[in-house]
Number of protein chains: 2
Amino acid sequence: MPRAGLDDTAVVDAAARLVDADGLDSLTLARVAATLGVRAPSLYSHVDGLEDLRRRVGARGARELAEALGRAAAGRAGSDALMAVAEAYRSYGRGHPGRYAAAQRARELSASNEAVAATGAAVEVVLAVLRGYGIEGDDALHATRTIRAALHGFVLLEAVGGFALDLSVDDSFTRLIATLDRGLRAVEQ
Amino acid sequence: MPRAGLDDTAVVDAAARLVDADGLDSLTLARVAATLGVRAPSLYSHVDGLEDLRRRVGARGARELAEALGRAAAGRAGSDALMAVAEAYRSYGRGHPGRYAAAQRARELSASNEAVAATGAAVEVVLAVLRGYGIEGDDALHATRTIRAALHGFVLLEAVGGFALDLSVDDSFTRLIATLDRGLRAVEQ
DNA sequence: GTGATTGCCTAATAGGCTTAGGTTAGCATG
DNA sequence: CATGCTAACCTAAGCCTATTAGGCAATCAC
């Protein structure tokens, strides 16, 4: 019997493609194994069960998202940077809905150093953008939560088909960012 | 053999309690049946399988959430109304995390008249609040998406333990609403 | 070539959903 | 009060998961 020649990365690759195509809930070891031409128990050589696989997919999503945000922010400042980061965030969520969803399972991901580091990097990107607004310290941390909540909610609602009305979702997103931009600029204290 | 005397409502009740306590993912027919003192197949007399049960729990969540928003908005206007609605939204999400999560599965819920009606009612509440800001028409629909995205994202991040830093989550929420309030007030055109 | 590693396998356990088909409790009707 | 119907509940079985245990053999280091 020839070997498939798998390794950890190949398994996570296959899982990531699967969740992006069919949703996080449809991630099963059986399906991943089938796409790799292998039986389910064989995956245990590379991955420590289903939960571990989900965690690794989430960690990859967190890392890719943080990288995308960093690239978007590079060389920009102020509203320009906020818009670029927001666009990159939404773009990643739309392009990789499964990885994105997996990246948000904070409780599971707290066991992954890679995921924790990536989340920290993403926060740093937003904090840098906020310095362009003159917001620092705790104010900046609160503002980071505001921005993250707004972007996260938008991406999830879009992914789940929550924007049912016949009204441009692109326009809605642009206005969301504009509202945040205005709201952040007007901060006193 | 005595009968348990179940009906649809009792089954959905049990499921709603279960998902609020242990999370939406832990909803299984076997567990619901066990809490009701019955075998899993017996539930098929009252509910059309697991997916249908999830849909019904989500519909109940959507209705309860819409009712809470309506109560919060009653007798208030402007920033006051926005704050009250936002607090009610977050409060429901925290108090009933499982129902709340189920209520957001838009694709599944599109098959539920109750859920569709409830979602429409919630949108109406927000539109009424926005009239207090002088926002109407498409602008108001876009603003509704902004508000919904921000609240939804915040509730989900809070539920999943996404706010890890030692920084008051209550304060963050207050500032989120304040940022939205300022951002909505400054709308031109 | 030889030995060790390890990738992959089959077999089996345990638990989930669901369908099929049977039994019976409890009500409605005569 | 007896009869019969409805529907609530059951067991059995099939098929899908995940996971563990234990075995075989392909491949690599020497």
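Throughout, a chain's letter reflects where its sequence line sits, starting with A, and its residues are numbered from 1.
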Which pairs would a plain distance check flag for residues 27-37 of chain A, meaning a side-chain donor or acceptor within less than 3.5 Å of a matching protein atom at least two apart in sequence or in another chain?
unit_1 : atom_1 : unit_2 : atom_2 : d
A:T28  : OG1    : A:R31  : N      : 3.0
A:R31  : NH1    : A:D22  : OD2    : 3.2
A:R31  : NH2    : A:D22  : OD2    : 2.6
A:T35  : OG1    : A:V32  : O      : 2.8

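- Listed by residue number, B:P41, B:Y44, B:G49, B:L50 are the residues of residues 39-61 of chain B with a heavy-atom contact under 4.0 Å to DNA chain C.
- Between the side chains of A:T179 and B:R182, no donor N or O sits under 3.5 Å from an acceptor N or O.
- In this structure, A:R145 forms no cation-pi arrangement with B:F154, as its terminal cationic atom is not both closer than 6.0 Å to the ring centre and no more than 45° off the ring axis.
- Within a heavy-atom distance below 4.0 Å of DNA chain C, no residue of residues 15-26 of chain A is found.
- Defined by atom type and a distance below 3.5 Å, a donor-acceptor pair is present between the side-chain atoms of B:D181 and B:Y133.
- Aromatic pair A:H142/B:F173: centroids not less than 6.0 angstrom apart.
- Across all their heavy atoms, A:V85 and A:A73 have their closest contact at CG2-CB, 3.8 Å.
- Comparing D:dA18, C:dC9, D:dC10 by their nearest atom to the side chain of A:V38 picks out C:dC9.
- Between A:L27 atom CG and D:dT17 atom C1' the separation is 12 Å, expressed in whole Å.
- Between the CG atom of A:L29 and the C1' atom of C:dG16 there is a distance of 15 Å, rounded to whole Å.
- Taking the charged nitrogens against the carboxylate oxygens, A:R105 and B:D25 do have a contact shorter than 4.0 Å, which makes a salt bridge.
- Computed from coordinates, the B:D8 CG to D:dA8 P distance equals 9 Å when rounded to whole Å.
- Per the geometry, CG belonging to A:D7 stands 16 Å off C1' belonging to C:dT5, to the nearest Å.
- In this structure, the ring of A:Y92 has its center less than 6.0 angstrom from the ring center of A:H96.
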